[in-house]
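See below for the structure under consideration.
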2 protein chains.
Amino acid sequence: MKRTIILYGLALAVLIFFLKFIEYRFLVRDLSLEFYIGAVAIFFTVLGVWAGLRLTKKKTIIITNPAFQFDQGRLNALGISKREYEVLELMAKGLSNQQIADKLFVSLNTVKTHSSNLFLKLEVSRRTQAVQKAKELQLIQ
Amino acid sequence: MKRTIILYGLALAVLIFFLKFIEYRFLVRDLSLEFYIGAVAIFFTVLGVWAGLRLTKKKTIIITNPAFQFDQGRLNALGISKREYEVLELMAKGLSNQQIADKLFVSLNTVKTHSSNLFLKLEVSRRTQAVQKAKELQLIQ
DNA sequence: GAAACCTTCACCCGAAAGGGTGATTCTTCT
DNA sequence: AGAAGAATCACCCTTTCGGGTGAAGGTTTC
């Protein structure tokens with residue numbers, strides 16, 4: 001922002017001195033006033049576009065929430081165990097219980113037990129709610 | 001934004017008057033032409049800024065982190081209808097199909113149809129994935 | 001060593017979700 | 001007026017989820 005203004009100012013100064021220069025060399029006889037004005041117009045239009053875009057350029061998208069930080073305390077407060085948390089994470093990725101079971105090398109029944117306990121502790125009754133609530137509580141990203 | 005442009009204009013004016021001042025001291029010449037050039041420069045700068053912003057309006061709307069903005073275009077690109085979007089929103093809140101049906105005053109079958117079409121369009125096969133993907137695509141908050 | 005966890009797994013059952021097909025009504029666009 | 005799409009609903013069937021109960025083996029803690 002500041003750099004843009006400074007650069008703009010410098011460009012402006014350079015141009016004006018440049019114009020002064022050619023003015024003294026070639027344009028004292030008023031040979032092409034139209035050309036002179038045209039050049040100034042074009043130059044400042046371009047400069048204006050450039051500066052305008054520069055100044056209004058938005059910051060890049062931040063998809064992940066930078067304010068997120070893993071809070072073990074909140075997990076403990078809810079009594080969520082390590083294994084249950086792993087299930088929760090995979091659940092949030094949209095995996096089915098079977099896929100979670102394959103990933104954690106346990107049986108489907110085990111995953112179901114974990115998820116059931118998880119629902120009790122989060123006080124929900126469906127996985128979508130669990131994911132939503134876990135995000136609200138900043139348990140997962 | 002506007003403040004930036006105003007500040008910029010003021011900076012420009014200051015610079016020009018500064019240059020004028022130098023000019024008076026060292027390069028006393030035809031003053032009316034100089035002012036004319038200055039006016040043209042300012043005018044075209046403003047024009048350039050304005051035109052630049054106008055022309056790139058859509059491209060510069062990039063959402064910064066907390067500011068979610070509804071993007072109809074992305075919905076259209078995926079071919080997601082209004083009703084499907086409503087189902088998606090309620091789905092993301094963790095509601096069951098039956099609850100969604102009650103809320104929208106339609107039958108369970110209708111909700112299932114909408115969600116099926118939604119899954120096709122989002123290229124997913126489960127509601128958790130749909131919600132996750134919709135958030136990634138900034139379709140929902 | 002008993003109590004309190006965690007982790008693992010099994011079985012049953014009902015509810016919910018998902019996939020497929022077809023059909024009707026209504027609006028909208030050409 | 002006809003085509004296209006949206007919204008609605010139905011019926012079928014399979015898979016997945018969720019709730020309940022029970023149980024065995026492991027660790028930690030008092």
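Excluded from the calculations below are hydrogen atoms, water molecules and symmetry mates; all remaining heavy atoms, backbone and side chain alike, are included. Order of the sequence lines sets the chain letters (A, B, ...), proteins ahead of strands, with each chain counted from 1.
- The CG atom of A:L108 sits 9.0 Å away from atom OG of A:S115, with the distance rounded to the nearest 0.5 Å.
- Regarding A:R127, its CZ atom lies at a distance of 10 Å from the C1' atom of D:dG18, rounded to whole Å.
- Between the NZ atom of A:K82 and the C1' atom of C:dT8 there is a distance of 14 Å, rounded to whole Å.
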Before you tell me yes or no, could you show the steps for A:Q99 and B:R126 under side chain to side chain donor-acceptor pair (under 3.5 Å), namely the whole-Å CA-CA distance, both residues' side-chain angles and the distance that decides it to 0.1 Å? CA-CA 12 Å; A:Q99 288 172 316; B:R126 256 180 301 287; 2.9 Å; yes

Test salt bridge (Lys or Arg N to Asp or Glu O under 4.0 Å) on A:R83 and A:E86; report intermediate values, then the result. CA-CA 5 Å; A:R83 210 57 166 163; A:E86 289 177 329; 2.7 Å; yes

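- Between the side chain of B:E84 and the main chain of B:I80, no donor-acceptor pair closer than 3.5 Å is present.
- Contact check of residues 96-106 of chain A against DNA chain C (heavy atom, cut-off under 4.0 Å) returns A:V106.
- One interatomic measurement links the two molecules: CZ of B:F119 to P of C:dA17, which rounds to 9 Å at whole-angstrom precision.
- If you chain together hydrophobic residues whose side chains sit under 4.5 Å apart, A:L139 and A:L120 never meet in one group.
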Under 3.5 Å between N/O atoms: give me all the protein pairs with nucleotides 23-30 of chain C, atom names plus distance.
none

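- At whole-Å resolution of the value, CE in A:M91 and C1' in C:dA17 are 15 Å apart.
- Rounded to an integer number of Å, the gap from A:R126 CZ to C:dA17 C1' is 11 Å.
- Annotation: the span from B:L118 atom CG to B:E123 atom CD amounts to 12.0 Å, rounded to 0.5 Å.
- Rounded to an integer number of Å, the gap from CD of B:Q129 to P of C:dA17 is 15 Å.
- Counting only heavy atoms from C-beta on, B:R83 has its side chain closest to D:dA7 among C:dT8, D:dA10, D:dA7.
- The stretch residues 109-117 of chain B touches DNA chain D through B:N109, B:T110, B:T113, B:H114, each having a heavy atom under 4.0 angstrom from the strand.
- Ranked by how close their nearest DNA chain D nucleotide is to the 5' end, A:L95 and A:L120 are led by A:L95.
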Between A:T110 and A:S107, is a side chain to side chain donor-acceptor pair (under 3.5 Å) present by the stated rule, with each step listed? CA-CA 5 Å; A:T110 303; A:S107 82; 3.2 Å; yes

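- The two residues A:A134 and A:L88 come nearest to each other via the heavy atoms CB-CD2, 3.8 Å.
- Counting to the nearest Å, the P atom of C:dC12 and the CG atom of A:L108 are 15 Å from each other.
- For the pair A:L90 CG and D:dT16 P, the computed distance is 17 Å after rounding to whole Å.
- To the nearest 0.5 Å, the span separating CD on B:E136 from CG on B:L122 amounts to 10.5 Å.
- Residue B:K103 holds its NZ atom at 5.5 Å from CG of B:L95, rounded to the nearest 0.5 Å.
- Residue B:K82 holds its NZ atom at 11.0 Å from NE2 of B:H114, rounded to the nearest 0.5 Å.
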